[in-house]
Amino acid sequence: MSDSYETIIRETDKHGIATVTINRPQKLNALNSKVLDEIKEVFDSLKKDDRVSAVIVTGAGDKAFVAGADIKELRDLNKNTGEEASRKGQQIFQKIENSRKPVVAAVNGYALGGGAELAMACHLRVAGSNAVFGLPEVGLGLIPGYGGTQRLSRIVGRAKALEMILTGKQIDTEQARQIGLVNSVAEENPVEEARKLIQQILSKGPLAVQKAIEAVFTSDKNESYRTEAALFGELCETEDFMEGTAAFLEKRKPDFKGK
Ligand code: COA
C-alpha cells in the first residue's frame with residue numbers, strides 16, 4: 001500500500017511497517033509549513049490504520065535526513081508568530097512521541113536543527129555512517145524550538161545537551177552513538193537496520209510494547225515546552241535573529257551585536 005503527499009512519501013510493507021520519507025531533497029528535506037502539516041496528517045492517519053504496527057521516519061536522497069526548519073520561512077516570524085510556530089512544531093512532534101506504535105528514525109545524512117529534533121521525537125534512532133547531528137540554532141540567533149532543548153537533555157544528559165546547543169557543533173554517527181543519541185549504527189542502509197530493530201520489537205507482546213512506550217514518556221512536562229516556545233518567540237524579534245538568518249541565506253558569516 002502506498003499513499004502520497006506533496007512533500008512526504010508513505011509506504012507500508014507486508015509486515016505492517018510504515019515508512020514515512022520526508023521528500024524535499026533539493027532543499028535537504030528542510031521543514032517548511034507544508035512538510036510540518038503533512039507530518040501531522042500522516043501521523044494522524046498512521047494512528048488510525050490498523051494495518052500499521054510500527055513506523056520508520058527517514059529523508060529522501062543520500063545527503064540529508066532533514067537539514068532543519070526552513071530558514072527562509074523562519075525569517076518572517078515575530079514574537080507572537082514565532083511562539084506559535086514553535087508550539088505548532090512541538091505539538092506535531094509530540095504526536096510522534098505519543099504514538100503507541102514504535103517509531104524509529106533512520107538517519108541518512110544531515111539531521112540538523114528541526115531535523116535532529118524530529119529524530120529525537122522518534123522513540124529510537126538508527127544512523128547510517130554518513131549521519132551528522134547538530135543543533136545549529138544559536139548560530140542563527142535562535143534556540144531549538146521544536147522540543148530540542150528538552151529532549152536532547154533527556155536523551156544524552158544536560159551537560160552534553162548544553163554543549164551541543166551552546167556551541168552548535170555537529171557530531172558524526174560514531175560520536176552520536178557514544179553519547180547515546182543513536183541507538184545503533186547501520187553498516188549499509190539505515191532503513192533496513194531500522195526494519196530489523198522493529199522486527200525484534202514486533203515479536204514481543206504488542207500490548208506490553210504500547211504500555212512500555214507510554215510508561216517511559218509519562219514524566220515529560222508540558223510546561224517546559226511552553227517556556228521553550230516563549231523564548232524562541234522572544235528571539236524572533238531580535239536583530240541577532242535577522243542577522244543570523246540573513247547571513248545563512250547570503251552564505252556569509254553573521255555579525256552578531258547581542259541586540
Ligand atoms: N532551510 C532552508 N533551506 C535549506 C536548509 C534549511 N534549513 N538547509 C539547506 N537548505 C537549502 C540551501 O539553501 C540550498 O538551497 P539552494 O540550492 O537554493 O541554495 C540547498 O538546501 C542545498 O543546501 P547547501 O547549503 O547548498 O548544501 P551544502 O552541502 O553546502 O550544506 C548543510 C549542507 C546542511 C551544512 C547546510 O545546508 C546547512 O547548514 N543548512 C542549514 C542547517 C541549519 O542551520 N538548520 C537549522 C535551521 S533552524
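In what follows, residues are counted from 1 in the order of the sequence shown. Just follow the structure's listing: the first ligand is 1, and inside any ligand the first atom is 1.
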Notebook entry, point to check: Between Glu228 and Ser86, is any side-chain donor less than 3.5 angstrom from a side-chain acceptor?
Noted result: no

Item checked: Nearest protein heavy atom with distance in Å, relative to atom 29 (O) of ligand 1 -> Lys63 NZ, 2.6 Å

Note to self: If we count only non-hydrogen protein atoms and require a distance under 4.0 Å, does atom 12 (C) of ligand 1 qualify as touching the protein?
What the structure shows: no

Checklist line | Proximity to ligand 1 by part of Leu140, non-hydrogen separation under 4.0 Å | finding: side chain

Next item on the list: Could you list which atoms of ligand 1 come closer than 4.0 Å to a heavy atom of Leu112?
Entry: 34 (C), 42 (C)

Checklist line | Sub-4.0 Å protein heavy atom next to atom 33 (C) of ligand 1 | finding: yes

Check: Do any nitrogen or oxygen atoms of Lys27 come within less than 3.5 Å of a nitrogen or oxygen of ligand 1?
Finding: yes

Item checked: Within one Ile-Leu-Val-Met-Phe-Trp-Tyr cluster: Val182 and Ile155, side-chain cutoff 4.5 Å -> yes

Next item on the list: Please step through salt bridge (charged side-chain N to carboxylate O under 4.0 Å, His left out) for the pair Lys101 and Asp50, ending with a clear verdict.
Entry: CA-CA 10 Å; Lys101 303 176 186 187; Asp50 291 338; 5.4 Å; no

Notebook entry, point to check: Quick one: nearest non-hydrogen protein atom to atom 5 (C) of ligand 1, plus distance?
Noted result: Ala30 CB, 4.0 Å

Checklist line | Nearest non-hydrogen protein atom, atom 26 (O) of ligand 1 | finding: Lys251 NZ, 4.0 Å

Notebook entry, point to check: Is Ile56 reachable from Leu124 through a run of I, L, V, M, F, W or Y residues, each pair having side-chain heavy atoms under 4.5 Å apart?
Noted result: yes

Check: Around atom CZ of Arg252, are there more than 12 heavy atoms of other residues, nucleotides or ligands at under 6.0 Å?
Finding: yes

Check: Taking distance alone, with no angle check, do Ala67 and ligand 1 share an N/O pair under 3.5 Å?
Finding: yes

Note to self: Suppose we measure from atom 20 (C) of ligand 1 to each protein heavy atom; which comes out shortest, and what is that distance?
What the structure shows: Gln26 O, 3.5 Å

Item checked: Shortest protein contact, atom 47 (C) of ligand 1 (heavy atom only) -> Ala69 O, 3.7 Å

Check: What protein heavy atom sits nearest atom 39 (O) of ligand 1, and how far off is it?
Finding: Phe248 CE1, 3.7 Å

Check: If you draw a 6.0 Å radius around NZ in Lys160, do more than 12 non-hydrogen atoms from other residues or ligands fall strictly inside?
Finding: no

Notebook entry, point to check: Would you find a donor on one side and an acceptor on the other, under 3.5 Å apart, between the side chain of Arg125 and the backbone of Leu181?
Noted result: yes

Next item on the list: Measure up the Phe217 and His123 rings against each other and bin them: parallel (under 30°), tilted (30 to 60°), perpendicular (over 60°).
Entry: tilted

Checklist line | Polar proximity ligand 1 side, Pro136 side, N/O cut 3.5 Å exclusive | finding: no

Notebook entry, point to check: For the side chain of Glu11 and the backbone of Ala18, is there at least one donor-acceptor N/O pair under 3.5 Å apart?
Noted result: no

Item checked: Protein residue, atom and distance nearest to atom 1 (N) of ligand 1, heavy-atom basis -> Ile71 N, 2.9 Å

Checklist line | Hydrophobic cluster membership, Ile96 vs Phe65, 4.5 Å side-chain cutoff | finding: yes

Notebook entry, point to check: How far is atom 24 (P) of ligand 1 from its nearest protein heavy atom, and which residue and atom name does that atom have?
Noted result: Leu28 CD1, 4.5 Å

